[in-house]
Undergrad: 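Handing you a structure now.
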Amino acid sequence: MKAAVVCANEDVRYMDYEEPKTGPGLVKIRVKASGICGSDIPRVLHNGVHFYPIVLGHEFSGDVVEVGEGVTSVKPGDRVSGAPLIPCMKCDDCQNGNFSLCRHYSFIGSRQQGSNADYVVIPEQNAVVFDKSISYEQGAMFEPSTVALHGLLQNDYRGGEYTAVLGGGTIGMFTMQWAKIFGAKKVVVFDISEERLELAKRLGADEAINTTEEGFKEKAMALTEGKGFSYVFETAGQVPTMQMAFELAANKASVCFIGTPHVDLSFTPSMWENMNRKEFKLTGSWMSYSSPFPGKEWKLTAHYFATGQLKFDPGFVYKKMPMSQAQEAFQLFKTPGLVKGKILLVNE
């Protein structure tokens with residue numbers, strides 16, 4: 001088969017690669033679409049892989065072409081998305097259903113061959129069947145959707161309250177939609193890009209606020225009658241939005257950091273005191289799994305994509321590129337701010 005193989009730093013080659021074999025309990029998928037995740041960028045551009053050569057790709061969809069002995073829940077011809085985590089299922093965290101916290105895991109597209117190839121083989125339980133009315137491009141968006149929903153569940157989300165989503169990237173857009181689906185009183189998306197804010201409104205955000213504009217915090221607080229937001233989700237992993245979360249939170253709010261910072265993060269004493277004075281709860285969120293594996297995050301994404309309540313917009317996708325152009329695709333990320341949205345690598 002052909003695969004986009006990371007052979008060295010900044011060196012992705014589309015080349016012949018050993019085709020994975022189907023064994024007991026395994027499912028072979030012909031990959032149709034594979035998204036480039038933000039976590040893949042340092043793997044390619046900053047020596048971030050576990051080993052060379054490696055085939056990346058963990059946000060993907062395709063068709064089941066072969067199943068191994070004992071597989072009963074999927075069959076050839078099924079259209080599936082793949083949950084990339086392979087937990088050990090034996091440690092305390094796994095036994096308690098906290099699969100995202102397993103320390104003995106493997107991961108498709110990071111620790112073993114991923115989806116930037118003609119075929120990928122995954123365990124049966126990792127194959128999530130979705131309705132054929134859902135496109136392969138949308139199917140490759142399961143993973144970011146589940147990350148967003150996991151954040152809501154981590155934050156003990158309930159409807160009927162003012163909700164702030166900081167960051168209008170793919171995960172932010174899904175976070176906003178899940179908050180709406182589960183009955184938010186009003187959801188406000190914050191970003192620096194007018195293009196992303198327009199997308200947020202198209203997808204159902206009640207308000208979209210540009211944080212580069214003067215007086216944006218006062219405008220935001222006015223939307224909540226001056227009380228602040230009962231739920232705050234930081235999805236960008238940027239220092240300004242993480243600090244902003246503390247300021248926008250209401251008394252007794254629930255604040256969740258879904259985004260991952262990549263530089264040192266600091267708070268002034270007065271910023272940090274927001275948490276004390278408001279007595280808000282702060283939690284993190286990691287990956288997207290719950291019991292029974294892979295969890296309600298994946299099942300609900302399949303359901304709400306099929307009903308159309310969870311929307312996919314062409315604005316999610318910056319470019320669709322042939323798998324053979326993976327090297328060129330990763331080079332685009334070297335220009336700061338150029339890539340707005342998801343790059344999908346597709347097998348024709």
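Note that the structure is a prediction, hence the values are computed from the model and not measured.
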Undergrad: Do Tyr136 and Asp63 pair up side chain to side chain, a donor and an acceptor below 3.5 Å, judged on atom types alone?
TA: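 There is such a pair between these side chains.
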Undergrad: Can you confirm whether or not the ring centre of Phe174 sits under 6.0 Å from the ring centre of Phe316?
TA: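 Ring-ring flag for Phe174/Phe316: true, centres closer than 6.0 Å.
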Undergrad: Between the side chains of Asp191 and Ser193, is a donor N or O closer than 3.5 angstrom to an acceptor N or O?
TA: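 Result is no, nothing qualifies.
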Undergrad: Decide whether Phe99 and Leu149 are clustered together by the hydrophobic rule: side chain heavy atoms of Ile, Leu, Val, Met, Phe, Trp, Tyr closer than 4.5 Å, transitively.
TA: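 Same cluster: Phe99 reaches Leu149 through Ile, Leu, Val, Met, Phe, Trp or Tyr contacts under 4.5 Å.
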Undergrad: Parallel, tilted or perpendicular for Phe229 and Tyr162, by the 30°/60° rule?
TA: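 It falls in the perpendicular class, over 60°.
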Undergrad: Determine whether the side chains of Gln177 and Lys180 contain a donor N or O and an acceptor N or O closer than 3.5 Å.
TA: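 Judged by distance alone, the side chains do not pair up.
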Undergrad: What I want to check is whether the side chains of Gln154 and Ser285 have a donor and an acceptor closer together than 3.5 Å.
TA: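 Their side chains do not contain a donor-acceptor pair, so the 3.5 Å distance test is not met.
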Undergrad: Under a 3.5 Å threshold, yes or no: a donor from one side chain and an acceptor from the other, between Glu297 and Ser288?
TA: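 On atom types as modelled, these side chains do not qualify, holding no pair under 3.5 Å.
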Undergrad: Between Ser145 and Thr301, is there a side-chain donor-acceptor contact under 3.5 Å, judged purely by atom types and distance?
TA: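 Yes, side-chain donor-acceptor contact under 3.5 Å.
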Undergrad: Return the orientation label for the Tyr231 and Tyr157 ring planes: parallel under 30°, perpendicular over 60°, tilted otherwise.
TA: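 The rings of Tyr231 and Tyr157 sit tilted, inter-plane angle from 30° to 60°.
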Undergrad: If only atom types and distance count, is the side chain of Gln327 paired as donor or acceptor with the main-chain N or O of Glu10 below 3.5 Å?
TA: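 Between the backbone of Glu10 and the side chain of Gln327 there is a qualifying donor-acceptor contact (under 3.5 Å).
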Undergrad: Angle between ring planes, Phe333 versus Phe330, binned at 30° and 60°: parallel, tilted or perpendicular?
TA: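 Taking Phe330 first and then Phe333, their aromatic rings sit tilted (interplane angle of 30° to 60°).
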Undergrad: May I ask you to decide if the ring planes of Phe246 and Trp272 are parallel, tilted or perpendicular, using 30° and 60° as cut-offs?
TA: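 The rings of Phe246 and Trp272 sit tilted, inter-plane angle from 30° to 60°.
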